[in-house]
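Take a look at the structure set out below.
Letters A, B, ... mirror the listed sequences (proteins, then strands); counts begin at 1.
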Number of protein chains: 2
Amino acid sequence: MVGIDEVAKLAGVSTATVSRALSGRGHVSPASKAKVEDAAARLGYVVSSNASGLASGRTRNVGVVIPFLNRWYFSSVLEGAQQALLRNGYDLTLYNLAGDGRERSSVFEHFLLRQRVDAVVAVSLELTEHEVQRLHDLGKPLVGVGGPIPGVRTLTIDDVAVARLATEHLLALGHRRIAHIGGDLEFDLDFHLPTNRRLGYEAALRDAGVDPEPRMFAPADFTIAGGYQAAKQLLGVPHARPTAIFAASDEMAMGSILAARDLGMVMPRDVSIIGIDDHDLAEFFGLSTVAQFPRGQGEHAVEILMEQLEPGTDAAQPAATPLPFELRVRSSTAVPPA
Amino acid sequence: MVGIDEVAKLAGVSTATVSRALSGRGHVSPASKAKVEDAAARLGYVVSSNASGLASGRTRNVGVVIPFLNRWYFSSVLEGAQQALLRNGYDLTLYNLAGDGRERSSVFEHFLLRQRVDAVVAVSLELTEHEVQRLHDLGKPLVGVGGPIPGVRTLTIDDVAVARLATEHLLALGHRRIAHIGGDLEFDLDFHLPTNRRLGYEAALRDAGVDPEPRMFAPADFTIAGGYQAAKQLLGVPHARPTAIFAASDEMAMGSILAARDLGMVMPRDVSIIGIDDHDLAEFFGLSTVAQFPRGQGEHAVEILMEQLEPGTDAAQPAATPLPFELRVRSSTAVPPA
DNA sequence: CTGAAAGCGCTAACAC
DNA sequence: GTGTTAGCGCTTTCAG
């Protein structure tokens, strides 16, 4: 392994200058900088992140803690974060807190705290105050995406507003019997999004003079299969069945589309369906939806971190920006049947 | 940040003993070991990975290089690897080589080689000999999953055999006009799987005395939408249309199911469809498939690495094990229409 | 089985 | 703008 002193020797400067030239901290004359870069390239030199990290206290690495890898929303956030990190010269170490609490606390105690990361992005995870405190004590910036973390900068779309928008779209088309497929309780634990979306839905109904009915609600697990089951329940009732379904995620909405089809219903003639996300497949299914932009959320989270880790960089000032969302009308929603 | 010397003081031993007790290397009396562990726990001590890595040359971290995050196969492999790594006390740093070659070489030159990882798992990636050599020179073990890397231990199912199995299932049911949806050329670049699957398909046909016809083949991009398009092509022809479709992935098979439905065909009465993967949604779609076990592949890759990184551990001896696959017959395949 | 001490490779004051 | 040098916090010979 070629070290910094070999580069220094070849470039004819001191190791300190090599370090400065390569890291960009401190001033170096353009001439030496060029010599150093040339020497480094020639020798195939790369800094040892351990040595550098030990000496400087920075690792150029951030931890991303995420509960799922195989769901569109989560992998999109991850992708966005990874890309933004790469762009900034950072590595990303991944902590997939799939399982139980044991695995989870082990991650916190032994992994994140090993000084391996400079900062952490927590996706849809409700950290305890103790966990937040611990990171804070270590001086590690923390930003949340999509989950409510008390006392921490968190990026979330306004779930109430999003749900309201979707519901109002249906209302505006003339629907009155609008069902909702939301999350089950289990999902509400870590991110209250199911509850918020339901609140937005109910608020929109009430504002339109419609009373939310319990039998117009069905819980599911945010998967296509779950949405399919739920929609069958909802659409299977003989009388007064809903003319529209608002699902709290596109995957559940797609399940609903398949369910409607299997029940012999034609969409949007017999039933309108709308979701939330703008999933990759939404276009394919002709699904109307309220788009959120998870890749962008991931990138955004990283930018906030960068601002704290490397002040003075030209990072955008993301403080005020509310997260965008946008109604996308496709062919799954229309006026209700006469 | 509490350091090793504080632990040593509290435990009444030297730092050397603390290090040995906590890392498990070298002998320590049970008594001191207990004292050390107790002291460490009391103080909330966690080793600094940088210092430890610098001194020892090991980082307890492995890099995973992967081209997609949002595809079932890939996220499953990643999940398996992550879990196995966590179990072994390792971190996983993620390199998502989504883009072009530039991004890719930058990853290799600057990230992987920063001594940040002890080993790397390359998923469906064809590394150049130079890249392999470079890792080899650094003494970093490398194992591939699902991609052909010359001179490197690689885990792949036998794609030819898998495709043959799927095709033979259709043949055994009595089908003769069996179409195939495979990968397009772009996909063949990094992992020759599309070609291999096509070869297995054609071989099975020939063995059954059926001549593979070019118009019974349609390329796609491994997505549901792509499979949908391809199936429409295949099933749309007026005469002599296929009675069965073998898609090279479950996602494309699901697209085919939807296409058949939209063409007014009933499955499996009018057309049989089979895929490869055993995707999470296969059950939901009633899709017959040849299961592969990507999570297991990810775990397996890690085990191989562990064996090299920590010889003497009780890791399984995975040398000979061929990767398993398994026909799963559901409701999407049946005898052809009379 | 345990302790003392010499680094691991780099960065950051501090001088010049 | 650049060099000198003292650590960063741990692991690991080498003695004992």
Side-chain angles (χ1 to χ4, degrees), chain A residues 1-37 39-40 43-61 89 110 113-118 138-139 309-310, chain B residues 1-37 39-40 43-61 89 110 113-118 138-139 309-310:
Chain A
M1 204 60 212
V2 23
I4 199 176
D5 35 12
E6 299 181 46
V7 179
K9 198 180 300 168
L10 179 56
V13 297
S14 73
T15 61
T17 299
V18 173
S19 173
R20 285 190 278 250
L22 261 25
S23 71
R25 314 184 157 260
H27 287 197
V28 182
S29 75
S32 344
K33 180 162 187 188
K35 278 189 300 184
V36 168
E37 282 171 348
L43 296 170
Y45 168 76
V46 212
V47 298
S48 153
S49 59
N50 279 329
S52 164
L54 182 54
S56 70
R58 282 171 265 98
T59 65
R60 296 190 77 81
N61 187 35
H110 296 295
L113 302 177
R114 273 197 216 174
Q115 306 227 38
R116 179 157 280 164
V117 299
D118 290 339
L138 289 164
L309 293 175
E310 312 194 353
Chain B
M1 204 63 212
V2 24
I4 198 176
D5 34 12
E6 300 182 44
V7 178
K9 198 180 301 167
L10 180 55
V13 298
S14 72
T15 62
T17 298
V18 173
S19 173
R20 285 190 279 250
L22 260 26
S23 71
R25 317 186 157 256
H27 286 199
V28 181
S29 74
S32 345
K33 181 162 186 189
K35 277 188 300 182
V36 168
E37 282 170 348
L43 296 170
Y45 170 75
V46 207
V47 298
S48 151
S49 60
N50 279 328
S52 162
L54 180 55
S56 69
R58 284 171 263 98
T59 65
R60 294 190 80 78
N61 186 34
H110 297 294
L113 303 176
R114 273 199 218 173
Q115 305 225 42
R116 179 156 280 167
V117 300
D118 290 339
L138 289 164
L309 292 174
E310 312 194 352

Separation of D/dC8 C1' from B/N50 CG (nearest whole Å)
9 Å
Could you tell me the separation between the CZ atom of A/R114 and the OG atom of B/S52, rounded to the nearest 0.5 Å?
8.0 Å
Can you tell me if A/D118 uses its side chain to pair, donor with acceptor, with the backbone of A/T59 under 3.5 Å?
yes
What is the separation between atom CD on A/Q115 and atom C1' on D/dC10, rounded to the nearest whole Å?
11 Å
Quick one: what's the B/S/- string for nucleotides 11-16 of chain D, heavy-atom cutoff under 4.0 Å, read 5' to 3'?
SBB---
If I take atom CG in residue A/L22 and atom C1' in nucleotide C/dC10, what distance separates them, rounded to the nearest angstrom?
12 Å
For atom CZ of A/R116 and atom P of D/dC10, their distance in whole Å:
14 Å
Tell me the interatomic distance from A/L54, atom CG, to C/dC8, atom C1', rounded to whole angstroms.
9 Å
Specify the closest pair of heavy atoms between B/S32 and B/T17, including all atoms of both residues, with the distance to one decimal.
CB-CG2, 4.2 Å
Show the nearest heavy-atom pair for residues A/N61 and A/R116, with the distance to one decimal.
ND2-O, 3.0 Å
Ignoring backbone atoms, establish whether B/S14 has a side-chain N or O less than 4.0 Å from OP1 or OP2 of C/dG3.
yes
Between D/dT4 (C1') and A/K9 (NZ): distance, integer Å:
17 Å
On a heavy-atom basis, which atom in B/G44 and which in B/V2 lie closest, and how many Å separate them?
O-CG1, 4.2 Å
Rounded to the nearest Å, what distance is computed from the CG atom of residue A/D5 to the C1' atom of nucleotide C/dT11?
14 Å
Using a cut-off of 6.0 Å, state whether more than 12 heavy atoms not belonging to A/K35 lie near its atom NZ.
yes
